Amino acid sequence: MELVCPAGNLPSLKAAVENGADAVYMGLRDDTNARHFPGLNFDEKRARQGIEYARAHGAHVFMAINTFPQPAGWKRWQRAVDSAAHLGVDALILADIGVMDYAARRWPELPLHLSVQASCTNYESLRFYHELFGIRRAVVPRVLSLAQVQHIVEHSQVAIEVFGFGSLCVMVEGRCLLSSYAAGKSPNTYGACSPAEAVTWEETPAGLESRLGGLLTDRYGPGEDAGYPTICKGRYRVGESTYYAIEEPTSLNTLDLLPELIASGVAAVKIEGRQRSPAYVGQVARIWRQAIDACRARPQGFRVREDWSRELAKVSEGAQTTLGAYHRPWQ
Amino acid sequence: MKQDALSVHNPRLALGPVPYYWSRDDLKAFYARAAGWPVEIVYLGETVCSKRRSFSTGDWLETAQALQDSGKEVVLSTLALIEAESELKSLRRLCANGRFSVEANDLGAVRLLIDAGVPFVTGPTLNIYNLGTLRVLARSGLRRWVLPVELSRATLAEMQAARPEGVQTEVLAYGRLPLALSARCFTARSRNLPKDDCQYCCLDYPEGRLVATQEDAPFVVLNGIQTLSATTCNLLPHLDELRALRVDVLRIIPQANQTERVLGAFAACLAGTTDPESAAEPLAGLAPQGFADGYWRGEAGIASV
């Protein structure tokens, strides 16, 4: 099983590779990728350096071009595909059908991976992309249970990559418009959910208030930790109750499921977090490298080490982790 | 439809699939009435949750036949989130029905419809954001697509200017907007019920369950695994633009009450017996959390003029 780690910049890329990533994924410095954050990502010069470094250390590099261009921006996505091809990345991670069509025609030798943003949750949908564009691998959304992932692996000719660790989208990726509903920009159109420029913080008599596009997402009392106001992770009112109506601020951690993931033939596990620090990337890569190696060596006797859990919990959003939908008993 | 250059382009009206979980009796009564409503196209089927079984596939087909007999063009809508093999099984049956065309709300459905060699419609949850995507699907048998709800009139104008021949465009013109899908059932969660024992609590909320901010501003509506906008999108004031953009079909989303009045207002404006301004007033009371048209104008979806 391949370990795929996030590279938001050159130091993160190096930290991932040094700590045992088999592959890293990166984006260009614009809205063509789903982590379009200020100060993040690669220009061509840095990308070239990163690719050289990864190559020299035996790691692959994937380029994420995984947002959905509209006619006005189409040329930018085309250029992104062309630059990635010229840079010599090992694969493109794409979400949009039009971009995939362009890449498959213009660069037929360049391997294509299906981004999680393409919302592919069943093997018939996977077959659509495989037959039309010859995709080699697909990253499946974090809403699937382990049994459902296994079912897709069994029925698909395409290698499957799953999310192992990091921030958790409770919605099907690529099909969530909550951010643009409140603030006009979404992961699909802009490459960012709940973009920082739409966030405001204000101390009020009722507490510290966070807003997105003017909409009150949460209100924190004295001593309460205030997290990033991602639109789905706020506290709202339903009936008489005020609570995390959509999702608590927790992180995904599937280390416990590693033996099952490997046994079911999942090809790669992905670490989320191109927006996180090089220290985070290095730490998470190192632990997952150790875990995958330990599990491969002795699948039967695999136990999650306490120090792994402790270290991962420290870098988790909300300092809590969950198995997400993977452990869902229903269906 | 052939029209001379001077005549006004008039879109047809469509009734979208019912997004909510209604009882069998309510669904039956709704579609019995719909047969007489001023709408040309009716979309039928469960698009949100496979646990909702007020109607079996057989019931849907029977309703489809009845509506077709009363002169409607019927399209069967598929589930938007397809994960389980049982869901694929129902999907295959729907795609191979042989009588009615199908609205694909997931690319899995598109794949099966390509296999079956039948032309298809795509719903708002299929991400058609550019002409490249539209052309690929047109080559595969697409005959009508619904504009994804977060896209603006400016984007639509560019799409319309170069859309492939034979492809019609539909716009969600009235109703709550489908904003997100999840594996989690938010309605069950709001009742402290686990999803696998949800007790079909969505039946208690025929227009979903309102989520408001801590200062009581309406935000979204929980509808099982789906999240809808709390506000009602209303593009009736933009009818002239929709006409000028040569939109072929306007979609009205069913609501628990007064859907007929909404359709009536659109139909009257299209027929020219009233204008959007006069029609707006009686509609105002039908949207409990107010209207929005932000996406259409290229702003936040929640925004309104």
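Everything numeric in this text was worked out from a predicted model, so none of it was measured. A, B, ... follow the sequence lines: proteins, then strands. Residue 1 opens every chain.
Between A:Glu131 and B:Arg111 the shortest side-chain heavy-atom distance falls below 4.5 Å. Between A:His151 and B:Glu83 there is no side-chain heavy-atom pair separated by less than 4.5 Å. Side-chain contact check for B:Thr155 versus A:Pro71: some heavy-atom pair is nearer than 4.5 Å. With contacts defined as side-chain heavy-atom distances shorter than 4.5 Å, the pair B:Asn130/A:Ile97 does not qualify. Here the side chains of B:Leu107 and A:Tyr129 are in contact, with some heavy-atom distance below 4.5 Å. Side-chain contact check for A:Glu247 versus B:Phe186: every heavy-atom pair is 4.5 Å or farther apart.
A:Asp218 and B:Gln214 share a donor-acceptor pair across their side chains, judged by distance under 3.5 Å alone. There is a side-chain donor-acceptor pair under 3.5 Å between B:Tyr295 and A:Ser180. Judged by distance alone, the side chains of A:Asp96 and B:Tyr129 never bring a donor and an acceptor atom under 3.5 Å apart. Between the side chains of A:Tyr181 and B:Thr231, a donor-acceptor pair is found at a separation under 3.5 Å.
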>> The test is side chain to side chain contact (heavy atoms under 4.5 Å, CB included); show your working for A:Arg237 and B:Thr213 and say whether it passes.
In response: CA-CA 6 Å; A:Arg237 275 188 196 150; B:Thr213 69; over 6 Å; no

>> As a quick check of understanding, evaluate side chain to side chain contact (heavy atoms under 4.5 Å, CB included) for B:Thr227 and A:Met171, giving each step before the final call.
In response: CA-CA 9 Å; B:Thr227 309; A:Met171 303 301 188; 3.5 Å; yes

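In this structure, the portion of B:Leu210 lying under 4.5 Å from any heavy atom of chain A is its backbone and not its side chain. For B:Pro194, no part lies near chain A; criterion is any non-hydrogen pair under 4.5 Å. Heavy atoms of B:Ala154 lying under 4.5 Å from chain A are absent altogether. Using a 4.5 Å cut-off between heavy atoms, B:Leu134 makes no contact with chain A at all. Both the backbone and the side chain of B:Glu215 come within less than 4.5 Å of a heavy atom in chain A. Using a 4.5 Å cut-off between heavy atoms, B:Arg139 touches chain A through its side chain atoms alone. Residue contact with chain A, scored on non-hydrogen atoms closer than 4.5 Å, involves the side chain of B:Ile114 exclusively. If you measure heavy-atom distances from A:Leu126 to chain B, you find no contacts under 4.5 Å at all. Both the backbone and the side chain of B:Ser190 come within contact range of chain A, judged by heavy atoms closer than 4.5 Å. Heavy-atom distances place both the backbone and the side chain of A:Ala72 under 4.5 Å from chain B. For B:Asp197, no part lies near chain A; criterion is any non-hydrogen pair under 4.5 Å. Only the side chain of B:Arg92 comes within contact range of chain A, judged by heavy atoms closer than 4.5 Å. Of the atoms belonging to B:Val211, heavy atoms from both backbone and side chain fall under 4.5 Å from chain A. Proximity to chain B is limited to the side chain of A:Phe133, based on heavy atoms less than 4.5 angstrom apart. Contact of A:Phe68 with chain B is made through backbone and side chain together, with heavy-atom distances under 4.5 Å.
Most heavy-atom pairs under 4.5 Å with chain A: of the set B:Leu91, B:Leu126, B:Leu112, this distinction falls to B:Leu112. Looking only at heavy-atom pairs under 4.5 Å with chain A, the residue among B:Leu222, B:Asp216, B:Leu177 that has the most is B:Asp216. Residue with the most contacts toward chain A among B:Asp106, B:Leu131, B:Leu81, B:Val110: B:Asp106 (heavy-atom pairs, distance under 4.5 Å). Note: B:Ser229 leads B:Ala217, B:Gly294, B:Ser229 in heavy-atom pairs under 4.5 Å with chain A. Of the listed residues B:Gly298, B:Gly301, B:Gly132, the one with more heavy-atom pairs under 4.5 angstrom with chain A than any other is B:Gly301. Most heavy-atom pairs under 4.5 Å with chain B: of the set A:Thr242, A:Thr189, A:Thr217, this distinction falls to A:Thr189.
Taking CG from B:Asn192 and OG from A:Ser241, the interatomic distance works out to 7.5 Å, rounded to the nearest 0.5 Å. How far OG of B:Ser140 is from CG of A:Leu132: 5.0 Å, rounded to the nearest 0.5 Å. Atom CD of residue A:Gln70 and atom OG1 of residue B:Thr133 lie 11.0 Å apart, to the nearest 0.5 angstrom. Annotation: the span from A:Tyr243 atom OH to B:Arg189 atom CZ amounts to 6.5 Å, rounded to 0.5 Å. The distance from atom CG of B:Leu137 to atom CZ of A:Phe128, rounded to the nearest 0.5 Å, is 5.0 Å. If you take CG on B:Asp115 and CD on A:Glu124, they are separated by 7.0 Å, rounding to the nearest 0.5 Å.
The shortest non-hydrogen separation linking A:Ala182 to B:Ala300 is O-CB, 3.6 Å. Looking at every heavy atom in both residues, B:Pro178 comes nearest to A:Leu177 through O-CD1, 4.0 Å.
A 6.0 Å sphere centred on OH of B:Tyr200 holds no more than 12 heavy atoms belonging to other residues, nucleotides or ligands.
A donor-acceptor distance shorter than 3.5 angstrom exists from the side chain of A:Thr121 to the backbone of B:Ile82, with no hydrogens or angles considered. Looking at A:Arg175, its side chain does come within 3.5 Å of a backbone N or O of B:Ala80 through a donor-acceptor pair.
Residues of residues 141-153 of chain B lying under 4.5 angstrom from chain A, judged on non-hydrogen atoms, are B:Val149, B:Glu150, B:Leu151 by number. At a heavy-atom cut-off of under 4.5 Å, chain A is reached by B:Glu158, B:Met159 from residues 156-170 of chain B, listed in order of number.
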